[in-house]
Structure formats: structure tokens, C-alpha cells
Amino acid sequence: MRRVRGIVARVRRHGDAALRAYATRFDGLRTREPLFVDPARIRVAGRDVEPALRRAIRTAAANIERVARREVPQSRTVRAGAGVTIELWTRALARVGCYVPAGRNPLVSSLLMTAIPARVAGVPSITVACPNPVPAILYAARVAGVTRVLRAGGAHAIAALAYGTETVAAVDKIVGPGNAYVAAAKALVAADCAIDFYAGPTELVVLSEGGDAEWIAADLIAQAEHDPDARAILVTTDARLAEGVAARVRAGAASFGAAAESVRRNGAAIVTRTLREAVALVDRIAPEHLWCDNDGIAASIRNAGTIFVGPYSVPALGDYVTGSNHVLPTAGAARARGGLSAADFVRTTTVQHVTRRGVAALRPAGVLLARSEGLHGHARSIEVRR
């Protein structure tokens, strides 16, 4: 946070000059290279992407859009009483910034998961910040309806999106996952620019009474591929299952060394006495991702970002193509909110209409409440409406 505070302050003070200096140092931006990708290059990016990958991107995009369209709140009118009407107006945000990580590999899926719900919600200006916008990223940007692609990442990109520079328009909200520097920057600018949520290392909890040990181990290792600090945990009532999964995680070191080691270092296989105890433990963890055996167990869980039910509901599919959003709350934040959705890109404004009849009906209650709080001017403003 100390380092990020300095970066954010410099970008806020010096604008493009500071942003370019950091992008050159950390992101490989060349000296005379523009900060934004040429729109013409985005339009033809598909030429440099394998046809099979283009089809996969379109498949993921179609499913994400299908789900997002059901998430947008609808404007409506409520009759609150005689002479009182409240209209709920749903309006899209004007500008959104989507952060797309590229530390190990540029995450095409994160671009789709952030930009498509914004477009579906009706956001007219969507800026993607990605430190390594390879052709697949640019093709995904075209499919998702992105307005501009910024060649920058890290805390400096977050600062530019939050406060604006000579060439980067300040946005209303910043969304998307990132490393510790990105997370710290989002937390720092949140007082001035809305963010989706503070995201820590990714998490998967598997809650199983008798699943397939090989499949569970594969899911845990897959989750750990995201981040060396990822948390992958098995909670079970079956000690033999726990032992079997642990053995397969150890065996996985030969093929997935770093990920398997991450599971061994940051993960756990926890054996509980009863299913009720296991459910209570999962609710305390409030995991980002939860996999469980059946609908009955899923229904008993209160706190989880997303839940995969049954042996063929592979968490890795949710990262890419099921249509459910993979930008999810971590570190217990699932107690308070779910994952990113199209609803995150709109706001609801209330419009209130009260007639003379409505004032007459509500006057006694309004005046009494105002005077009980010692606000006699409030009471008078109601009483004079005759």
C-alpha cells in the first residue's frame, strides 16, 4: 500500500507523463508507442487469432451475455399509497474501466466477464486496461464491444482510470481482478471512484461426502494455477476421501508442480464429524467458489460467491464458458455480496410524485416523526402544504 500510494499520487499529479513512465518501466510500452491501441488494429485482430480460439471466445461471450441480460434491474413504478407514486429509474453508468490481468498470461476470459455485462447494462464508454494486449485480447475486446484498450496495467492504470489524465477519461467505476498492487490501488481510489470489490487470492472449497478423489484433486490443483497464494480446501466427512485426495495432489506435482505445491502449502483437507459441521465451516469460510455433491447440500449453504453442484459441474468451466461471472468476492466477502453482474453497472434513481391528496394522507405521520427528531422546520414544510 505504501508503494501504491506513491504511484497513484504521481499519476494523479503528472497525468500521461507518469502513466507512460510506469507503463514503459513495468509493461514494456515502447518509447513512441501510443498509450491506446489503434481502433483499426482492434477491428482486424481476429486475423491473428486461431479460428478455434475465435469460436471459443464467441461461445463464452454468447453465454455471458445470455446470463447478463437477466441481471439488469428493470425500471418500474410503485404506488406507495393514495396520491403517492414512486418511479424507479434504472440508468447505466456513463464510463466504466475494466482491468484485465496479464501477469502470467493475458486473461481473455476476464475481459469478457467484465466488459460484456457493462455493455449489456447499457454503458456507452468501456475502457479496458491491459498491460499486454495480445491479438486474442483485442479480438475479445471487439466481440465484447469495448470502446478503448489502454496499454497499461498495475496501480498506475488504476490511478489513470480513477482520476483521468490528458488522454484517459476518468471512469465512474473500475472492475476486474488483479494482483496485490492492483487490489491495493483499487482500495485506495475507492473513496473517489467506485469499484466492484477488493479481491484477494482466489479460493475453492470442495464440500463432499463421497466424491471422486481424482476429480476433486484435479479441481483443487486447477484453482491453484491462478495464483501461488490461491486457497484450495477440501471439507469432507470421509477420512478416506481426504487421504485419497491428498495422495493425488502429491502425485500431481509431477505434471503441475507449482499448482500442486500451492495446494499443499495453502490448502487443507478437513475431516468433520457431521455434514452439519461441514456446512457450518463452509459458511464461516464464505468461499469464492464452492463445489458440492448435490442440490440438498447447496441449499444449506448461505455464504458462497458461486456454487457448482454435482460431479460434472466443473469449476474450471465456470472460469470460461458457462456464462456465470468469474469475478467473485474473496476473503469472506461472499457474506455480503455475490459476483460481478450487469446490475453492478447501473444505478437506480427514485422519482417521487405526491399530490395534494397524498400530502393530506401522510401529513400526520410526517409531522409527528419530524417533531420527534427535533426538526421543526421539516414539520413546518409539510404543514404549509394545504
Side-chain angles (χ1 to χ4, degrees), residues 1-31 33-37 93 95-107 109-111 113-115 118 125-134 137 141 146-202 226-230 326-331 333 340 344:
M1 183 60 81
R2 178 177 54 80
R3 293 172 182 166
V4 164
R5 190 174 285 111
I7 292 170
V8 170
R10 281 187 283 276
V11 172
R12 192 174 184 182
R13 185 178 305 117
H14 300 295
D16 278 351
L19 176 60
R20 175 173 287 281
Y22 283 122
T24 302
R25 177 180 174 186
F26 295 121
D27 305 325
L29 185 73
R30 292 189 293 272
T31 304
E33 192 174 18
L35 284 167
F36 284 97
V37 176
L93 304 182
R95 294 189 183 95
V96 165
C98 300
Y99 190 85
V100 177
R104 295 170 183 81
N105 292 293
L107 300 188
S109 57
S110 289
L111 188 152
M113 295 284 181
T114 53
S125 177
I126 304 170
T127 298
V128 160
C130 181
N132 185 17
V134 297
I137 288 287
V146 168
T147 309
R148 305 178 85 188
V149 177
L150 176 65
R151 287 187 178 94
H156 46 293
I158 297 299
L161 292 171
Y163 298 111
T165 69
E166 294 89 335
T167 58
V168 181
V171 301
D172 301 315
K173 192 170 193 175
I174 300 170
V175 301
N179 63 15
Y181 286 87
V182 170
K186 286 173 66 179
L188 187 63
V189 306
D192 301 304
C193 177
I195 65 171
D196 45 3
F197 42 78
Y198 181 90
T202 189
H226 286 292
D227 189 322
D229 295 321
H326 80 195
V327 181
L328 296 160
T330 63
L340 189 71
D344 285 291

Which heavy atom of Ala185 sits nearest a heavy atom of Val8, and at what distance?
CB-CG2, 4.5 Å
OH (Tyr22) and CG (Leu29) are apart, to the nearest 0.5 Å, by 15.0 Å
Could you check whether any side-chain N or O of Lys186 sits under 3.5 Å from a backbone N or O of Ala199, counting only pairs where one atom can act as donor and the other as acceptor?
no
Distance (rounded to the nearest 0.5 Å) between Arg148 CZ and Ser125 OG
8.0 Å
Just so I know, are the side chains of Leu111 and Cys98 near enough to count as touching, which here means a heavy-atom distance under 4.5 Å?
no
Would you name the heavy atoms of Thr165 and Ala160 that are closest together and state the gap between them?
CG2-CB, 4.0 Å
Between Tyr181 and Ala155 the two heavy atoms that sit nearest each other are O-CB, 4.1 Å
Any chance you could measure Leu35, atom CG, to Thr24, atom OG1, to the nearest 0.5 Å?
8.0 Å
Tyr163, OH: over 12 other non-hydrogen atoms inside 6.0 angstrom:
yes
With sequence neighbours left out, write down each residue that passes ring pair (Phe, Tyr, Trp, His ring centres under 6.0 Å) with Phe36, or none if nothing qualifies.
none
For the residue pair Thr167 / Asp16, report whether a side-chain donor-acceptor contact shorter than 3.5 Å exists.
yes
Any sub-3.5 Å donor-acceptor pair from Asp172's side-chain atoms to Arg95's backbone N or O?
yes
Locate the shortest heavy-atom distance separating Glu166 from His14; write the atom from each residue and the value.
OE2-O, 4.2 Å
With side chains defined as the heavy atoms from C-beta onward, is the minimum distance between Pro106 and Val100 less than 4.5 Å?
no
If you compare all heavy atoms of Ala115 against all heavy atoms of Val146, which two are closest, and at what distance to 0.1 Å?
CB-CG2, 3.8 Å
Rounded to the nearest 0.5 Å, the CZ atom of Phe197 sits from the CG atom of Asp344 at a distance of 7.5 Å
Is His326 close to Leu107 at the side-chain level, that is, under 4.5 Å between some pair of heavy atoms?
no
Any donor-acceptor N/O pair, Asp27 side chain to Gly153 backbone, under 3.5 Å
yes
Search all heavy atoms of Ala162 against all heavy atoms of Cys193 and return the closest pair with its distance.
CB-CB, 3.9 Å
Partner residues of Arg20 under the side chain to side chain donor-acceptor pair (under 3.5 Å) criterion, sequence neighbours left out
none
What is the distance from atom CG of Leu328 to atom OG1 of Thr202, rounded to the nearest 0.5 Å?
8.0 Å
Return yes if some donor-acceptor pair links the side-chain N/O of Tyr198 with the main-chain N/O of Thr330 below 3.5 Å, else return no.
no
Applying side chain to side chain contact (heavy atoms under 4.5 Å, CB included) to Pro34 and not counting sequence neighbours gives Arg151
Go through it in stages, so that I can follow the logic: the residues are Leu188 and Arg5, the test is side-chain contact (heavy atoms from CB on, under 4.5 Å), and I'd like the CA-CA distance, side-chain angles, deciding distance and then a yes or no.
CA-CA 7 Å; Leu188 187 63; Arg5 190 174 285 111; 4.2 Å; yes
Under a 3.5 Å distance rule, please check whether Thr147 uses its side chain to pair with a backbone N or O of Ile126 as donor and acceptor.
yes
Val327 vs Val175 side-chain heavy atoms within contact, under 4.5 Å
no
CD1 on Ile158 to CD1 on Ile174, rounded to 0.5 Å:
5.0 Å
